Peer 1: 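Here's a structure for you.
Every heavy atom of this structure was used, including side-chain atoms; hydrogens, water molecules and symmetry mates were not. These numbers were taken from a predicted model, which means no experiment stands behind them.
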Amino acid sequence: MISAEAYEDARLLWDYHRMHHALRVSSVVIGLGSHDLGVADVAAHLYHQGLAPVLVFTGATSPTTRMRMPRGEAVHYRERALELGVPDEAILVEPRATNTGENIEFSRQVLADAGVAVSSVLLVSKPYEERRSYAMMRKLWPTVDVISASTHMKLHEYVETIGDASMVIDMIVGALQRVLVFPGRNLAIPQDVPQEVVEAYERLARQGFTSRLMPVAEKT
């Protein structure tokens, strides 16, 4: 059982990770691969709203997605977007990336190879990855304007869609660690992290929500 106190700490981190950017027309939507097909749903919705003419889905597989998405995250995202009515010619697939840095680097190359000029990106991720992904994009592709987007859900609603509260909280804690650590590794821009968020993160880590925390040597 997850205590009410732990759940409240997770909600505090969840709210911090969300950036609440105002959406606007951009050159491209980039959907970052993960276990969550909701990323593809959001990307398709943005396309149908006319907010970008092309989608890039990026991602290979990971231990989390190997069973759920055996053909690769980007491929499954593409299939989902096609089901939702996005035309095939509007979708580019980047199937090799195994971390967010590679998602950004390889997507940039796929777009260049396709002759797509990019000045702005709608970056779609899981809700608790908005802030980290934004910070990494700003650092690794600094010439583009970045808007973060994700599904509009409260924490308890998202947990219901995933079906595993402990895994979601582990992911939220891991994402916050990366927000804190990656600027020092030259992988992301620094961001202000309120003390109450840091303290909530530390309490959750002490309670064992640690499966997504990086070893010191890990860089992705």
Peer 1: Short question: side chain of Ser119, backbone of Ala117 - any donor-acceptor pair under 3.5 Å?
Peer 2: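 Judged by distance alone, no pair lies under 3.5 Å.
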
Peer 1: Distance from Leu13 atom CG to Leu155 atom CG, nearest 0.5 Å?
Peer 2: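 Rounded to the nearest 0.5 Å, the CG-CG separation comes out at 10.0 Å.
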
Peer 1: Ignoring hydrogens and angles, tell me if any N or O in the side chain of Tyr47 forms a donor-acceptor pair with the backbone of Val29 under 3.5 Å.
Peer 2: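 Side chain of Tyr47 to backbone of Val29: no pair is present.
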
Peer 1: So, Glu94 side chain and Ala97 main chain: donor-acceptor pair closer than 3.5 Å or not?
Peer 2: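 Answer holds: yes.
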
Peer 1: Check His152 against Glu157 and note the closest heavy-atom contact, atom names and distance.
Peer 2: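 Closest pair (atom of His152, atom of Glu157, distance): O-OE1, 4.5 Å.
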
Peer 1: When you look at Gln207 and Ser3, which way does the side chain to side chain contact (heavy atoms under 4.5 Å, CB included) test go after all the steps?
Peer 2: CA-CA 10 Å; Gln207 291 175 61; Ser3 70; 4.1 Å; yes

Peer 1: Taking atom CZ of Arg212 as the centre, report whether more than 12 heavy atoms of other residues, nucleotides or ligands fall under 6.0 Å from it.
Peer 2: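 Atom CZ in Arg212 is not crowded, with 12 or fewer foreign heavy atoms closer than 6.0 Å.
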
Peer 1: Under 3.5 Å, is there a donor on one side chain and an acceptor on the other for Glu130 and Ser148?
Peer 2: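 No - no donor-acceptor pair under 3.5 Å links their side chains.
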
Peer 1: Would you sort out whether Arg11 and Glu8 count as a salt bridge (charged side-chain N to carboxylate O under 4.0 Å, His left out), showing the intermediate values?
Peer 2: CA-CA 5 Å; Arg11 187 197 61 76; Glu8 179 59 23; 2.4 Å; yes

Peer 1: If you compare all heavy atoms of Ile189 against all heavy atoms of Lys139, which two are closest, and at what distance to 0.1 Å?
Peer 2: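 Distance-wise, the nearest heavy atoms are N-CB, 3.8 Å.
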
Peer 1: Kindly state whether the ring of His21 and the ring of Tyr134 have centres lying under 6.0 angstrom apart.
Peer 2: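 Ring centroids of His21 and Tyr134 are less than 6.0 Å from each other.
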
Peer 1: Would you name the heavy atoms of Leu82 and Pro87 that are closest together and state the gap between them?
Peer 2: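 In terms of heavy atoms, the two residues are closest at CD2-C, 4.2 Å.
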
Peer 1: Would you list the pairs meeting salt bridge (charged side-chain N to carboxylate O under 4.0 Å, His left out) in which at least one residue belongs to residues 39-56, sequence neighbours left out?
Peer 2: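 Listed once each, the pairs are Asp41-Arg80.
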
Peer 1: Transitively linked via ILVMFWY side-chain contacts under 4.5 Å: Met136 with Leu111?
Peer 2: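 Same cluster: Met136 reaches Leu111 through Ile, Leu, Val, Met, Phe, Trp or Tyr contacts under 4.5 Å.
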
Peer 1: Flag yes if Ile169 and Met171 sit in one hydrophobic cluster, no otherwise; membership is Ile, Leu, Val, Met, Phe, Trp, Tyr, and two members link when side-chain heavy atoms are under 4.5 Å apart.
Peer 2: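 Yes, it is one cluster - the side chains of Ile169 and Met171 are joined through contacts under 4.5 Å.
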
Peer 1: Is it true that Ser120 and Asp145 share a donor-acceptor pair across their side chains at a distance under 3.5 Å?
Peer 2: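 No - no donor-acceptor pair under 3.5 Å links their side chains.
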
Peer 1: Backbone N or O of Ala175 within a donor-acceptor pair of the His17 side chain at under 3.5 Å?
Peer 2: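 No, His17 side chain to Ala175 backbone: no donor-acceptor pair under 3.5 Å.
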
Peer 1: Apply side chain to side chain contact (heavy atoms under 4.5 Å, CB included) to the pair Leu46 and Val124, showing each step before the final yes or no.
Peer 2: CA-CA 10 Å; Leu46 295 175; Val124 183; 3.7 Å; yes

Peer 1: Give the minimum heavy-atom separation between Ala60 and Thr98, together with the two atoms involved.
Peer 2: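 For Ala60 and Thr98, the tightest heavy-atom pair comes out as CB-CG2, 4.2 Å.
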
Peer 1: Tell me, do Tyr7 and Val159 make a side-chain contact under 4.5 Å, heavy atoms counted?
Peer 2: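 Answer yes - side chains close enough.
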
Peer 1: Which value, rounded to the nearest 0.5 Å, describes the distance between Leu204 atom CG and Glu5 atom CD?
Peer 2: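 Rounded to the nearest 0.5 Å, the CG-CD separation comes to 11.0 Å.
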
Peer 1: Report yes if the side chains of Arg71 and Pro95 come closer than 4.5 Å at any heavy-atom pair, otherwise no.
Peer 2: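 With C-beta onward as the side chain, the pair stays apart.
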
Peer 1: Going by heavy atoms in the side chains, are Leu12 and Glu199 under 4.5 Å from each other?
Peer 2: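 The answer is no, as the side chains (C-beta and beyond) never meet within the 4.5 Å cut-off.
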
Peer 1: How far apart are the closest heavy atoms of Ile91 and Ala81, and which atoms are they?
Peer 2: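 Minimum heavy-atom separation between Ile91 and Ala81: CD1-CB, 3.9 Å.
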
Peer 1: In the single-linkage hydrophobic clustering (I, L, V, M, F, W, Y; side-chain heavy atoms under 4.5 Å), do Val116 and Leu122 co-cluster?
Peer 2: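 No, it is not one cluster - the side chains of Val116 and Leu122 are not joined through contacts under 4.5 Å.
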
Peer 1: Would you check, one step at a time, whether the test side chain to side chain contact (heavy atoms under 4.5 Å, CB included) holds for Val179 with Val193?
Peer 2: CA-CA 8 Å; Val179 168; Val193 184; 4.0 Å; yes

Peer 1: Is Arg78 close enough and on-axis enough to Phe57, meaning under 6.0 Å and within 45°, for cation-pi?
Peer 2: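 Verdict for Phe57: no cation-pi partner in Arg78.
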
Peer 1: Do Glu129 and Ser133 meet the criterion of a side-chain donor-acceptor pair at a distance under 3.5 Å?
Peer 2: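 The answer is no; no qualifying pair exists.
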
Peer 1: To the nearest 0.5 angstrom, please state how far the CD atom of Glu79 sits from the CE atom of Met69.
Peer 2: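 Output value for this atom pair is 10.0 Å.
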
Peer 1: Donor-acceptor check, side chain of Thr65 to backbone of Ser62, threshold 3.5 angstrom: yes or no?
Peer 2: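 Present.
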
Peer 1: Between NE2 of His45 and OG1 of Thr151, what distance do you get to the nearest 0.5 Å?
Peer 2: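 It comes to 9.5 Å.
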
Peer 1: Answer yes or no: is there a side-chain heavy-atom contact under 4.5 Å between Glu73 and Arg68?
Peer 2: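 No, too far: nothing below the 4.5 Å cut-off.
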
Peer 1: If only side-chain N and O atoms count, and only distance matters, is there a donor-acceptor pair under 3.5 Å linking Tyr158 with Ser150?
Peer 2: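 Absent: no donor and acceptor within the cut-off.
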
Peer 1: Could you walk me through whether Thr58 and Tyr77 pass the side chain to side chain contact (heavy atoms under 4.5 Å, CB included) check?
Peer 2: CA-CA 9 Å; Thr58 169; Tyr77 278 14; over 6 Å; no

Peer 1: Let me confirm one number: the CD-CZ distance from Glu105 to Arg96, rounded to the nearest 0.5 Å.
Peer 2: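 Rounded to the nearest 0.5 Å, the CD-CZ separation comes to 8.0 Å.
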
Peer 1: Would you say Leu92 and Leu84 are hydrophobically clustered, going by side-chain heavy atoms of ILVMFWY under 4.5 Å?
Peer 2: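 Not linked; separate clusters.
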
Peer 1: With a 4.5 Å cut-off on side-chain heavy atoms, are His35 and Ile162 touching?
Peer 2: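 A side-chain contact under 4.5 Å exists here.
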
Peer 1: What distance separates Arg18 CZ from Met153 CE, expressed to the nearest 0.5 Å?
Peer 2: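 Going from CZ on Arg18 over to CE on Met153, the span is 9.5 Å.
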
Peer 1: Determine whether Asn99 and Asn103 make a side-chain contact, defined as any pair of heavy atoms from C-beta on separated by less than 4.5 Å.
Peer 2: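 They are not in side-chain contact.
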
Peer 1: Examine Arg131 relative to Tyr16 and say whether NZ or CZ is less than 6.0 Å from the centre of the six-membered ring and inside a 45° cone about the ring axis.
Peer 2: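 Judged by the rule, Arg131 and Tyr16 form a cation-pi pair.
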
Peer 1: Are Leu23 and Ile30 linked, directly or through intermediate hydrophobic residues, by side-chain heavy-atom contacts shorter than 4.5 Å (ILVMFWY only)?
Peer 2: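 In one cluster: no.
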
Peer 1: Could you verify whether a donor N or O on one side chain and an acceptor N or O on the other, from Asp9 and Tyr201, lie under 3.5 Å apart?
Peer 2: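 Asp9 vs Tyr201: no donor-acceptor pair found between side chains.
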
Peer 1: What's the shortest heavy-atom distance between Val86 and Ala44, and which atoms?
Peer 2: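 Looking at all heavy atoms of both residues, the shortest contact is CG2-CB, 3.7 Å.
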
